[in-house]
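Here is the naming used below: chain letters follow the sequence lines, and residue numbers restart at 1 for every chain.
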Amino acid sequence: MIEFALPSLGSDMEQGKLLQWKIAPGDAVRRGQVVAVVDTSKAAVDVESWQEGTVFELLVQPGDTVPVGATLATLLEPGETAETAQRRAPRPPAPPVTEAGPAAQGAATAPAAALQPGAVAAARAPGVAPTAPAPGEPRRRISPAARKRAQELGVDPDALAGTGPDGAVTVQDVERTPAPAAQRQAEMRRAIGAAMSRSKREIPHYYLTEAIPMRAAQDWLVAANAQRGIAGRVLMAVLQLKAVALALGKCPDLNGFFIDGAYRPARAVHAGVAIALRQGGLIAPALHDVADKPLDQLMGELTGLVARARAGSLRSSEMSDPTITVTNLGEQGVDAVLGVIYPPQVALVGFGRVAERPWVRDGGLFVLPAATASLAADHRVTDGHYGALFLAELRERLQHPDQL
Amino acid sequence: MKMSYRDALNAALREALAGDPRVFLMGEDVGKYGGTYAVSKGLLDEFGPERVRDTPLSELAFVGAGIGAALGGMRPIVEVMTVNFSLLPLDQIVNTAASLRHMSGGQFHVPLVIRMATGAGRQVAAQHSHSFEGWYAHVPGLTVLAPATVLDARAMLAPALASPDPVIIFEHAQLYNVEDELGPGPVGCDIASAAVRRPGTDVTLVTWGGCLPKVMEAAGLLAGQGIEAEVLDLRVLRPLDEAAILDSVRRTRRVVVVAEEWRSGSLAAEVVARIAEQAFYDLDAPPARVCSAEVPMPYARHLEQAALPQPATIAAAARQLLGAQ
């Protein structure tokens, strides 16, 4: 019996709300298949299964909120039948964490470590909707009008304090609560705040900046884009991402996770791309294997990632996989960005705008496009010297755009 | 011009008698005595004994005679002294007046108007004080009116007489002395719609007839506590102006039905049922009712007052719906 647990989709995620099952009992599940849609405080995420099997039982209903690590469903292993599974493993009221928990996350990078046995202990008994009253407990008084209005607004009336007769929840009580959009923004604000506070509390940051001449990259990009259709044009941000990924090949200690007092380098570069959401807030899903993909492919994937991030349909692996974060605030017009590392990552690379600047070289004064790249890195893993090597390598890579 | 509810009814009768030779008034003590509540005072002198007729003490006989006259082409107005006494001609009213049009396939109409005093508050005890409007509002074939204002007392008779089918008008005995400003000329009104007597946003108080002044007083009490009550006067008890009820309740989302009848099997129950059926999802609190205590109306003054809806109990019921004690 395989227990499919709610994966952590970022260090700022403590619980998730199941929005939709994409599977039903009896379905065969392939590795990597999207099986559910889960709402974190940031986005609706397509959650993949990294185990193969046949769906046996769905333990959580859409609309339920459960902690990270809670068992969402059980799968029958190949060869297993419902009878044998039941005989072997009569379902306990609160399933303990088994290896299926982390395993279900598959490639499950560092955030998997956020799984705490305690999180599962807190998980409620499977199959019991959280809003359903326990036997003997009176049904919460919510006026018909309030229930209807709550549904229209997407508010959970059970979570509200009632001011009506006998403490009933009234329309006014529903309308007093912030609209879900505002609520959602507040939740995201809290989630970002929690993650960034943890970062600033735990990670001894050091910061380096480097001015990088961008003439070569800009000229190359203009020429290359002239050969592409409008839809296929590549943005400078993609060159920068690729350059970062290649530079990390020389500086692997910036690409990985710091977990339980030790650094764990990542095998590939999955760049977390900071994407501002239109309604406010920020999300940094992974662009996978940046070092190994050509620019055109990266551009296409970046476009898709941004669109899906804004539409709220990211995949769980994109949420949990980033090994380093890259943020580009150049389009906003800032000169440089000194970032806050997203734990448990150990570095963040920032780019300011590409702008014409006075540049002294060989005793002469030139005007050329340049950008300030910055590195915020974890002093528990690397030192300024190492970081400087990375920025120098990054600068060098950007002088040879044809090799990106 | 200030006019009492009683004088408004008198003016309406005079206008009807003067305006249509088919109209005549008939009942116990309506002629020489001028009416038990002095509503028909002076009409005998003005229109003569052919058209203002005192009857023997037999409601069954003179209501039946009224139905016969209506079938014969007249436009009789029959006065029944109180609704308690109308239980004697109930057979004539329900089995004959209300049914003939349907049983004759529309060949016979009964253009009869029956006026009745109703309600308690005058210490006339359990055989003269009840409110059976709801019983008549139960019967298809009848139109049931409950004028609660001087204007409606003045204006409702004309459209009632114009109706080709039987109309029952309930005059609450406590209203006869109520005065209001009224213009001298003829006034028109419909006998189809309810009327908002006081607009409000927080709770709807549905009532009719003799309870209207009490409900208005309750709304005043509530306003002093920051609760804006809307007062809906049903005016027409059959057919009910359902749209007006639902419209108001959908806006305020809370409702108290106030009526002098007994709660069990009452018209108030019907109003609440329709709200529950059609505006359930607009409600913010369970519908409430304030009705009379379920006892034969007591004679003792303090007991009678205790048995009836009062402004303070009405206001308390409304406050309860708003979560305030």
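The environment of Q305(B) atom CD is dense: over 12 non-hydrogen atoms of other residues, nucleotides or ligands sit within 6.0 angstrom. Around atom CZ of R301(B), no more than 12 heavy atoms belonging to other residues, nucleotides or ligands sit under 6.0 Å away. Crowding of R251(B) atom CZ: a count of heavy atoms from other residues, nucleotides or ligands under 6.0 Å exceeding 12. A 6.0 Å sphere centred on CD of Q172(A) holds no more than 12 heavy atoms belonging to other residues, nucleotides or ligands.
Here the shortest heavy-atom pairing between A285(B) and S143(A) reads N-CB, 4.2 Å. Taking both residues in full, the closest heavy atoms of D284(B) and V169(A) are given as OD1-O, 4.2 Å, listed atom of the first, atom of the second, then distance. Summarising the geometry of P165(A) relative to Q320(B), their closest heavy-atom pair is CB-O, 3.4 Å, with the distance given to 0.1 Å.
In this structure, chain B has heavy atoms under 4.5 Å from both the backbone and the side chain of A146(A).
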